[in-house]
Visitor: 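Mind having a look at this structure? Questions to follow.
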Amino acid sequence: MANAAISTPLDVHLTKHSDQNKSLFFTSPLFRQIPTTTRTRTTLTISCCTSPKPRNKKTSSLSEQLKPLTTTTLSNDQEQQNNTLLSKPKSTWVNPTRPKRSVISLQRQKRSPHSYNPQVRDLRRFAQKLNNSGDSEEAFMATLKEIPHPPSRENALLILNSLKPWQNTRLFFNWLKTQNSFPMETIFYNVTMKSLRFGRQFQLIEELANEMIRNDIELDNITYSTIITCAKRCKDFDKAVEWFERMYKTGMMPDEVTYSAILDVYAQLRKVEEVLSLYERGRASGWKPDAITFAVLGKMFGEAGDFDGIRYVLQEMGSLGVEPNLIVYNTLLEAMGKAGKPGMARSLFEEMIESGLTPNEKTLTALVKVYGKARWGRDALELWERMRSNSWPVDFILYNTLLNMCADLGLEEEAERLFEDMKRSESSRPDSWSYTAMLNIYGSGGKVEKAMEMFDEMSELGVELNVMGCTCLVQCLGKAKRVDDMVRVFSFVVEKGVRPDDRLCGCLLSVVSMCDDVGDEEKVLACLQQANPKLVVFVRLLQGEETSFKTVKDEFRSVISDTSIEARRPFCNCLIDMCRNRGHHERAHELLYLGTLYGLYPGLHNKTAKEWCLDVRSLSIGAAQTALEEWMGTLYRIVQRKEELPELFSAQTGVGTHKFSQGLANSFASHAEKLAAPFRQSEEKAGCFVATREDLVSWAQSRAPTAVTA
DNA sequence: ATAGGGTTAG
């Protein structure tokens, strides 16, 4: 009989309906805080047919029945809508004599208990000797001759299980096959594959699997899950799926271990619909998922930033009576952070504590990240206090996460205390990440001396300075006009083999823009020359009086397209600042125009019928001044032409979250004053400047036509 | 690492 009788559960059709499953009973206290809004969730109906035409099945919608299989593709929005419109009540299609085919074996594969082996000590010692025999095949084979007991099935298994790395396991396995002492059973392949998996040797694993097939040795659930997880760890997701499908084709039913492994494969592929379809299909087969499954689902929803999904995981656990374990809590905390729900994460954490679990390093790291991202400094610091008073476990990753949180929130003293704690600790000494965080804190706080102390300390201790640390140092040394020190730091890291990235180039460029001494400027440009020669060419071009706009435009486009997206706007801001500081105002306007043209300043102008707004929050001081001049010029012309104007005008500078970005509002205010522009600080809203239509009109009428844009 | 699945940093 053809084994294809069991279909893969991968052909899915989607119907969308509103999730109003009233039977869900939420025991979790967390749920009491969740608004009980109706969640629209995509629920999946799965085709279990292998024939070219879909059979009638109990959950098919009418539209599915009418559609040839080739058109029923996955995740098609239009189709989902059609299904919503056309779907019939499920009961119409229920055929009680044809229950839905099962996709999962409810019985986990049994493992054969190993009997006591009296020679266990000898054999284990021998295995260690093999492991230590050096890394040549010859040495290994020579040591193999000293085997203390004949390689019976049990003895061989014991040794095989103790060998590492994978090269040794493989040599021993191949040797066993030449001995012909006993037939090679599945378990020998499984043990060998596990070792190969540690070495991420997917190809070798696949070769072994094919050898099993050739030799008619059964691949069991342990074999398949090992193959699948190895492919997954090697990021070869296609292979993982291929072996999962092959499993069904050979008539082998996955058990819950294999099933959750493949769920994770689809989750890592971000194929949420597929994961849900498999999940629900498994549920329909009578499967009760365990905590591991929910960790997989929780992580997936977290990566997608899907809070509804996270809530669904909690609902399912609640209704199935599955208690979350520590890993599930850790995963969900992380997920809630990614979904931007710090309050929910905090509640979940408290729930976890109430349930009697003790948080580990990962739990606390996840929560600190959540609080840092949400800028909840107080919660983060309270958590830190609690960690100390409860003696919760701490490691260097947690310390570094705390330091990064302090850097994000500008908590300098707290960071210093943490850093001292790390220095005193046995196991969590400051590493490159810790120093980078401190450089970030001192750098953005303008504490040059302290930053340089860190730099010297790193050099003494041999802690590597990475590109981000270098960027922080360049930034603050540049602001302090300590160009020689800056050059020293830059040369140091380049000599160490650190490749400057675009952010670092952006910082160098901003130092160039701040230089008022030609000698200094040349020193910085010499650094930039090593990192990005093309950018230096462009800087020189901008400085040349005779350079045409066309040339500027072409070269700007070329430089910007070679720049990573996150560094493009900073580059443009710096270039504008540089032009302004050298009195090349027209060129600054050209650059702002080009930056806008290439989409570097989306949302700079916002217009509604009642209000026009200039949002300069992502601009540098010079760029914001340029934008204001440009705007005033435009408004002036509009008034002259008596075109329609809104009642209100506003300019947003923001107040700045970092100490150093607070200058924007002030410089904007003084520049507005210089232009005699009628904007004044809003009293209700900090970092917002406002003017009325009347203000604007009387301003324009009192101006001479040429005075505005000059 | 004693035959298989899930969690930690710009």
Side-chain angles (χ1 to χ4, degrees), chain A residues 108-114 117 120 123-124 127 131 154 157-166 169 185-199 219-230 232-233 240 254-265 267-268 289-300 302 324-335 337 359-369 372-373 393-405 407-408 431-434 436-437 439-440 466-469 471-472 501 503 566:
Chain A
R108 187 193 283 226
Q109 184 178 321
K110 293 272 191 304
R111 302 156 70 133
S112 48
H114 47 268
N117 189 331
V120 60
L123 292 164
R124 228 168 246 169
N131 286 339
E154 274 66 33
L157 256 183
L158 223 151
I159 294 169
L160 198 62
N161 257 318
S162 313
L163 289 177
K164 60 181 176 185
W166 61 271
T169 316
E185 301 159 36
T186 305
I187 187 170
F188 286 87
Y189 283 89
N190 289 349
V191 174
T192 306
M193 282 185 183
K194 187 185 176 188
S195 177
L196 289 169
R197 195 184 59 176
F198 274 110
L219 284 77
D220 62 14
N221 257 289
I222 295 174
T223 321
Y224 281 111
S225 61
T226 310
I227 296 170
I228 288 166
T229 53
C230 181
K232 189 170 74 183
R233 283 174 204 186
D255 66 8
E256 63 173 338
V257 176
T258 315
Y259 209 70
S260 58
I262 203 68
L263 284 183
D264 192 39
V265 169
Q268 288 192 33
D290 62 4
I292 292 177
T293 310
F294 292 118
V296 168
L297 294 182
K299 184 171 185 193
M300 173 183 76
N325 62 19
L326 188 56
I327 295 183
V328 171
Y329 273 117
N330 291 352
T331 309
L332 290 175
L333 285 171
E334 179 101 25
N360 67 8
E361 298 89 335
K362 292 173 187 176
T363 322
L364 300 166
T365 300
L367 204 55
V368 171
K369 259 166 66 187
K373 193 179 159 196
V394 183
D395 65 0
F396 73 103
I397 294 181
L398 176 53
Y399 266 118
N400 286 343
T401 308
L402 281 160
L403 284 177
N404 282 330
M405 180 272 296
D408 286 341
D431 68 349
S432 164
W433 286 70
S434 329
T436 305
L439 287 172
N440 189 2
N466 60 24
V467 67
M468 184 185 171
T471 305
C472 296
D501 61 6
R503 283 178 198 228
E566 82 274 5

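Just so you know, these numbers come straight off a predicted model, no measurement behind them. Note on naming: letters A, B, ... go to the chains in the order of the sequence lines (proteins, then strands), and numbering restarts at 1 for each one. Computation of the quantities below employed the complete heavy-atom set of this structure, encompassing side-chain atoms and omitting hydrogens, waters and symmetry-equivalent molecules.
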Visitor: Kindly write out the residues that satisfy side chain to side chain donor-acceptor pair (under 3.5 Å) with A/Arg503, not counting sequence neighbours, or none if the list is empty.
Guide: none

Visitor: Please classify the nucleic acid contact of A/Phe396 as base, sugar-phosphate, or nothing, using heavy-atom distances under 4.0 Å.
Guide: base

Visitor: Give me the distance, rounded to whole Å, that separates B/dA1 from B/dT7 when you measure between the P atoms they each carry.
Guide: 15 Å

Visitor: For A/Phe188, check ring-ring contact (aromatic ring centres under 6.0 Å, His included) against everything at least two apart and list the hits.
Guide: A/Phe182

Visitor: Any base atoms under 4.0 Å from A/Arg503, or only sugar-phosphate, or nothing? Heavy atoms, all strands.
Guide: nothing

Visitor: For A/Ser162, report the nucleic acid contact type (base, sugar-phosphate, nothing); a contact means any heavy atom under 4.0 Å.
Guide: base

Visitor: What are the 5'-most and 3'-most nucleotides of DNA chain B lying under 4.0 Å from any heavy atom of chain A?
Guide: B/dA1 to B/dG10

Visitor: With no hydrogens and no angle check, is any side-chain donor or acceptor of A/Lys373 less than 3.5 Å from a backbone partner on A/Gly337?
Guide: yes

Visitor: Touch check for A/Lys373, heavy atoms < 4.0 angstrom, all strands: base, sugar-phosphate only, or nothing?
Guide: nothing

Visitor: Base, sugar-phosphate, or nothing for A/Arg197, non-hydrogen atoms under 4.0 angstrom?
Guide: sugar-phosphate

Visitor: Pick one: which of A/Thr226, A/Thr229, A/Thr192 meets side-chain hydrogen bond (donor to acceptor under 3.5 Å, both in side chains) with A/Arg197?
Guide: A/Thr229

Visitor: Which pair of heavy atoms, one from A/Ala291 and one from A/Val328, lies closest together, and at what distance?
Guide: O-CG2, 3.3 Å

Visitor: Counting only N and O atoms by type, is there a donor-acceptor contact under 3.5 Å from the side chain of A/Asn440 to the main-chain atoms of A/Ala407?
Guide: no

Visitor: Could you tell me whether A/Asn400 contacts a base, only the sugar-phosphate backbone, or nothing, with contacts defined as non-hydrogen atoms closer than 4.0 Å?
Guide: base

Visitor: Students often get this wrong, so: under 4.0 angstrom with heavy atoms, is A/Thr436 touching a base, only sugar-phosphate, or nothing?
Guide: base

Visitor: Could you give the distance separating B/dG6 and B/dT2 at their P atoms, to the nearest angstrom?
Guide: 15 Å

Visitor: Scan A/Ser112 against the nucleic acid and name what it touches under 4.0 Å (heavy atoms): base, sugar-phosphate only, or nothing.
Guide: base

Visitor: Using a 4.0 Å heavy-atom cut-off, does A/Thr186 contact any base of the nucleic acid, only the sugar-phosphate backbone, or nothing at all?
Guide: nothing

Visitor: With a 4.0 Å cut-off on heavy atoms, is A/Thr293 in touch with a base, just the backbone sugar-phosphate, or nothing at all?
Guide: base

Visitor: Among A/Val257, A/Leu219, A/Ile262, find the residue that satisfies the side chain to side chain contact (heavy atoms under 4.5 Å, CB included) test when tested with A/Tyr224.
Guide: A/Leu219

